[in-house]
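Here's the structure we're looking at; comments come further down.
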Amino acid sequence: VRDVTEALNNFDTQRVGNLIAQFVDELSNWYVRRSRRRFWDGDEGALWTLHETLETLTKLMAPMVPFITERVWQDLFVTTNPHGPESVHLASWPVADDSLIDESLSESMDLARRIVEL
């Protein structure tokens with residue numbers, strides 16, 4: 001969130017695209033692929049995490065791909081939260097909360113991912 005916001009504030013759309021593409025690749029190939037069983041079993045924590053991640057991602061992508069993100073918003077978020085914003089373009093911009101970032105955990109996960117990818 002922090003990096004995409006900074007890139008957009010600097011009108012660096014290429015960086016925004018690269019950041020989002022890298023995140024989607026990591027989300028798809030790391031989290032979703034490795035959590036499939038949890039999704040199939042209806043694990044509410046796994047589903048909630050994916051839902052929140054997709055909501056934030058949709059907001060971040062909205063300035064770049066407005067029509068696609070609006071369709072995603074209508075199909076995934078308006079139906080699950082009828083009291084929320086009617087459009088992704090009316091939703092509040094996400095704000096990074098650095099207090100939620102555990103640097104030690106991030107470093108450990110980076111190492112685990114590198115080992116698995118060998």
Side-chain angles (χ1 to χ4, degrees):
V1 172
R2 180 184 56 244
D3 294 343
V4 169
T5 301
E6 178 185 320
L8 281 171
N9 286 339
N10 291 323
F11 302 102
D12 189 349
T13 55
Q14 183 173 359
R15 182 164 182 248
V16 171
N18 288 336
L19 289 166
I20 289 174
Q22 179 183 356
F23 179 78
V24 168
D25 184 59
E26 291 175 5
L27 177 66
S28 172
N29 289 320
W30 185 253
Y31 182 72
V32 173
R33 185 173 289 173
R34 284 164 181 78
S35 298
R36 267 188 251 168
R37 177 84 45 215
R38 293 175 66 197
F39 297 136
W40 295 336
D41 293 341
D43 182 319
E44 288 185 25
L47 292 168
W48 180 85
T49 299
L50 182 59
H51 186 270
E52 291 296 307
T53 302
L54 291 175
E55 182 175 351
T56 301
L57 180 62
T58 302
K59 290 176 184 180
L60 293 174
M61 291 176 60
M64 305 294 286
V65 284
F67 300 113
I68 294 170
T69 54
E70 185 60 30
R71 178 61 189 256
V72 170
W73 189 264
Q74 293 302 314
D75 290 349
L76 291 181
F77 306 110
V78 171
T79 58
T80 58
N81 183 7
H83 303 294
E86 294 178 28
S87 169
V88 67
H89 306 291
L90 298 175
S92 298
W93 186 256
V95 177
D97 183 351
D98 291 334
S99 70
L100 298 176
I101 299 171
D102 182 338
E103 290 297 333
S104 175
L105 178 60
S106 292
E107 290 172 11
S108 295
M109 285 305 301
D110 286 343
L111 176 60
R113 287 180 46 204
R114 282 197 308 272
I115 291 169
V116 168
E117 292 170 354
L118 290 177

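One is the number of the first residue; the rest follow in order along the sequence.
Formation of a donor-acceptor pair under 3.5 Å by the W73 side chain with backbone atoms of P85 is found in this model. For S35 (side chain) and Y31 (main-chain N/O), a donor-acceptor pair under 3.5 Å exists by modelled atom type. The closest donor-acceptor contact from the side chain of R71 to the backbone of P66 lies at 3.5 Å or more, if one exists at all. Between the side chain of T80 and the backbone N or O of F77 there is at least one donor-acceptor pair closer than 3.5 Å. Under the 3.5 Å distance criterion, the side-chain polar atoms of D25 are left unmatched by any main-chain donor or acceptor of A21. E6 places no side-chain N or O within 3.5 Å of a backbone atom of V1 that could act as its donor or acceptor partner.
As a member of the Ile/Leu/Val/Met/Phe/Trp/Tyr network built from side-chain separations under 4.5 Å, V116 groups with W30, L105, M109.
Nearest approach of P94 to T5, heavy atoms of both residues: O-OG1, 4.5 Å. Smallest separation of non-hydrogen atoms from T53 and T49: OG1-O, 2.7 Å. The two residues S87 and E70 come nearest to each other via the heavy atoms OG-OE1, 2.7 Å.
In the displayed structure, Q14 atom CD is contacted under 6.0 Å by at most 12 heavy atoms of other residues, nucleotides or ligands. Within a 6.0 Å sphere centred on CD of Q74, heavy atoms belonging to other residues, nucleotides or ligands number more than 12. No more than 12 heavy atoms of other residues, nucleotides or ligands lie within 6.0 Å of CD1 in I68, so this atom counts as exposed by the packing criterion.
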- prompt: Do D41 and R37 pass the salt bridge (Lys or Arg N to Asp or Glu O under 4.0 Å) test, and can you show the C-alpha distance, the side-chain angles, and the key distance before you say yes or no?
  reply: CA-CA 6 Å; D41 293 341; R37 177 84 45 215; 5.3 Å; no
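Taking 4.5 Å as the limit, some side-chain heavy atom of L50 sits within range of a side-chain heavy atom of F39. L8 places a side-chain heavy atom less than 4.5 Å from the side chain of W93. Looking at heavy atoms from C-beta onward, R15 lies in side-chain contact with L19 at the 4.5 angstrom threshold. Side-chain contact check for D12 versus V16: every heavy-atom pair is 4.5 Å or farther apart. Looking only at side-chain heavy atoms (C-beta outward), M64 and T69 stay at 4.5 Å or farther from each other. Side-chain contact between L27 and L54: present, with at least one pair of heavy atoms (C-beta onward) separated by less than 4.5 Å.
Not counting sequence neighbours, the partners of L111 by the side chain to side chain contact (heavy atoms under 4.5 Å, CB included) test are R114, I115.
A salt bridge links K59 with E55: the closest approach of a Lys/Arg side-chain nitrogen to an acidic carboxylate oxygen falls below 4.0 angstrom.
No hydrogens or angles considered: nothing links the side chains of D102 and S104 as a donor-acceptor pair under 3.5 Å.
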